[in-house]
Amino acid sequence: MEKAGINSNQVRWARERAGLQLSDLSKALQLAEDKIAAWETGEEQPTFRQAQKLAERLRVPLPYLFLPSPPEENSPIADLRTLRNEARATFSLDFKEVLNDSLQKQNWYREYLQNTGQASPLEFIGKYSVESDVKTVARDIQAVLGLDEELRKSARSKSDFLSKLVQQAEEAGILILISGVVKNNNHRKLTVEEFRGFVLSDAVAPLVFINGNDTEAAKLFTFVHELAHLWVGASGVSNVEVKSAVENDFDQLERFCNQVAAEVLIPAEDFQSIWQSDLSLEENLQRYRHYKVSDLVLLIRARQLRRISSTEFQQAYATRISWYKNRKRSSGGNFKNTLPARNSKLLTSALIAATLEGQTLYRDAARMLNVKVETLKKVADHLEIH
DNA sequence: CCATCCGAGGACCACTCGAG
DNA sequence: CTCGAGTGGTCCTCGGATGG
């Protein structure tokens, strides 16, 4: 069998980068641990086929295994880090892949707009700064989203409310991706401990990514929080701790975006006028049902506006969180709906339009969405029906 | 050593239904 | 009417099994 002739040092580097033990790899590749160890020392060489499988499992392009030394991997993440002053030592491989995947989609979409003469700058990107008035920014976001009494009324449920807002944001030209996994791999779930969302600001093709593994309540809040980022024109990775929204976040930008998000979802004036001090917390929460926001958001608001004590907040918050965590996730669903939701409907339909017009190859389009060509065609049919 | 097949697991939306 | 819970349809990845 012909040997691949890879650089043994690269095997070790890639394995450690992927956070895998020799034993994990041995199991995944169905090969003896000694053999893989020998690849790493250079005593043995894998076959081409084995090298291919190895690269696949280590999530690196095959050529990486032949390089003389590890490649620089700093590109977009370095920028994000400087923009966000939180000292995050390292990002997980999963996160990096999601970020790169999103950047590719954003780049494609920007070029698509340019090629079709639709690339006009969105007026709201970077319209304000963190020094701006919270209320003013919040009103502007509401206006762009068309978030008014009517929209709230038309939402059939809280999750429907979120999807309606997402739809409005996409119509305004913002790509919104909501996914709880890396690419289409259900075995690689994203953790909310690492991030709840991120935003890639851009004048013509802004992109918001929401970690779909989060609770409904948190997703809604993160979504609006990321929009606030765009309104001040800042990219960044966010881990919006719902809890920290009521305390003084050390980061001025994050604090500002949290305040704006709360103001968008439930304006302080409305909140104050509806609240009745002689009612219990639970009774009061019932009075805000038509706002279609979850108890968690209401609790944040109540605390921010000093309607409840810190202890009351902590207590009510804790019971909600455990309830949300215990709730069952139904399995099933239609992949033809899932795919556009994960990759942004705006991007998906633009991509399909581009392939139909012959500007983009089916192969490339399918690769960008991480599906087979056949699947992409089915999704295209599905979307045309509606 | 390797190609191929097959079942398990699980993501997510859209819609319906029934209780309050 | 409102709202949450439940359900159906579809795909991708993984890993074990099989047999060349």
Side-chain angles (χ1 to χ4, degrees), chain A residues 1-4 18 20 23-32 35-36 39 44-54 56-59 94 97-98 101 149 151-167 170 176-192 209-217 219 285-295 320 323-324 326-345 348-349 366-383 385-386:
Chain A
M1 198 67 57
E2 200 173 350
K3 301 295 179 184
L20 293 175
S23 55
D24 301 328
L25 208 47
S26 130
K27 204 171 162 225
L29 299 177
Q30 309 252 65
L31 290 167
K35 179 151 242 160
I36 298 163
W39 293 349
E44 280 188 46
Q45 276 285 332
T47 62
F48 267 112
R49 186 75 198 140
Q50 285 171 331
Q52 224 168 36
K53 290 263 182 210
L54 181 66
E56 218 169 87
R57 196 65 194 75
L58 295 176
R59 327 270 184 217
D94 283 352
E97 264 184 60
V98 169
D101 195 53
E149 202 54 35
L151 185 82
R152 286 197 166 97
K153 251 198 156 120
S154 73
R156 298 192 303 170
S157 64
K158 282 165 191 159
S159 52
D160 189 38
F161 183 52
L162 174 60
S163 57
K164 279 195 159 60
L165 290 180
V166 166
Q167 194 189 335
E170 294 222 296
I176 313 284
L177 289 73
I178 305 178
S179 175
V181 294
V182 180
K183 314 274 179 82
N184 284 326
N185 190 339
N186 292 347
H187 298 266
R188 299 178 68 188
K189 291 171 84 164
L190 302 171
T191 68
V192 286
F209 187 101
I210 313 283
N211 186 339
N213 250 339
D214 222 342
T215 61
E216 284 306 315
K219 275 189 273 190
L285 292 180
Q286 292 299 315
R287 296 172 60 80
Y288 297 93
R289 298 199 83 92
H290 58 288
Y291 278 90
K292 298 291 199 305
V293 297
S294 68
D295 286 357
R320 257 56 170 207
W323 182 80
Y324 280 121
N326 289 332
R327 111 217 112 106
K328 258 196 186 156
R329 274 198 103 132
S330 65
S331 69
N334 191 336
F335 189 76
K336 288 170 187 157
N337 293 328
T338 302
L339 192 73
R342 278 180 178 161
N343 294 291
S344 147
K345 287 175 191 172
T348 310
S349 42
R367 193 177 300 138
M368 186 154 9
L369 298 180
N370 306 300
V371 292
K372 296 191 180 102
V373 171
E374 284 314 305
T375 309
L376 180 67
K377 286 182 176 167
K378 283 184 200 167
V379 172
D381 286 344
H382 180 74
L383 290 178
I385 295 164
H386 296 291

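Numbers restart at 1 for each chain; the letters A, B, ... are given by sequence-line order, proteins then strands. If you're wondering where the values come from, they're calculated on a predicted model, not measured in any experiment.
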| side-chain contact (heavy atoms from CB on, under 4.5 Å) between R342(A) and V181(A), worked out | CA-CA 9 Å; R342(A) 278 180 178 161; V181(A) 294; 3.7 Å; yes
| request: Please step through side-chain contact (heavy atoms from CB on, under 4.5 Å) for the pair N184(A) and L339(A), ending with a clear verdict. | output: CA-CA 8 Å; N184(A) 284 326; L339(A) 192 73; 3.6 Å; yes
| task | Evaluate salt bridge (charged side-chain N to carboxylate O under 4.0 Å, His left out) for K164(A) paired with D160(A), printing each intermediate quantity in order. | result | CA-CA 6 Å; K164(A) 279 195 159 60; D160(A) 189 38; 3.1 Å; yes
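Put simply, CG on L177(A) is 12 Å from P on dC13(B), counting in whole angstrom units. As a whole-Å value, the separation of N337(A) CG from dA14(B) P is 5 Å. We find that CD1 of I178(A) is positioned 15 Å from C1' of dA14(B), with the value rounded to whole Å. Regarding L165(A), its CG atom lies at a distance of 14 Å from the P atom of dC13(B), rounded to whole Å. For the pair L339(A) CG and dT10(C) C1', the interatomic distance rounds to 11 Å; values are reported in whole Å. Rounding to whole angstrom units, CG of residue N343(A) and C1' of dC13(B) are separated by 14 Å. Note: NZ (K377(A)) to C1' (dC11(C)) measures 17 Å, nearest angstrom. The CZ atom of F335(A) sits 21 Å away from the P atom of dG8(C) (whole-angstrom rounding).
The residue K378(A) sits close only to the backbone: its heavy atoms come under 4.0 Å of sugar-phosphate atoms, none of a base. Contact annotation for R188(A): no contact, since no heavy-atom pair falls under 4.0 Å across all strands. Counting non-hydrogen atoms under 4.0 angstrom, K53(A) reaches nothing in the nucleic acid. Heavy atoms of S179(A) sit under 4.0 angstrom from primed sugar atoms or phosphate atoms, though from no base atom. Residue contacts shown for R152(A) are absent, as no nucleic acid heavy atom lies under 4.0 Å away.
Between dG9(B), dC13(B), dC1(B), one nucleotide has an atom nearer to the side chain of H187(A) than all others, and that is dG9(B). Closest contact between the side chain of R342(A) and the listed nucleotides dC11(C), dA11(B), dC13(B) involves dA11(B).
The phosphate of dA14(B) (OP1 or OP2) has a side-chain N or O of K345(A) nearer than 4.0 angstrom. Considering only side-chain N and O atoms, K189(A) lies under 4.0 angstrom from the phosphate OP1 or OP2 of dA11(B). Dashed line: the shortest gap from a side-chain N or O of T375(A) to OP1 or OP2 of dT10(C) is not under 4.0 Å. Phosphate proximity of dC14(C) to N185(A): present, with a side-chain N or O under 4.0 Å from OP1 or OP2. A close approach under 4.0 Å does not occur between any side-chain nitrogen or oxygen of S159(A) and OP1 or OP2 of dC13(B).
Looking only at distances, a side-chain donor or acceptor of N213(A) sits under 3.5 Å from a matching main-chain atom of L190(A).
Contact record, K292(A) with A155(A): CE-O, 2.9 Å, taken as the closest heavy-atom pair.
Considering CZ of R59(A) and CG of L20(A), their distance stands at 8.0 Å, rounded to 0.5 Å.
Mapping N184(A) and R289(A) onto DNA chain C via the closest heavy atom, the residue that lands nearer the 5' end is R289(A). With the nearest nucleotide of DNA chain C identified for both K292(A) and E56(A), K292(A) has the one nearer the 5' end. Of the two residues contacting DNA chain B, namely S163(A) and V181(A), the nearest-nucleotide position lying further toward the 5' end is that of V181(A).
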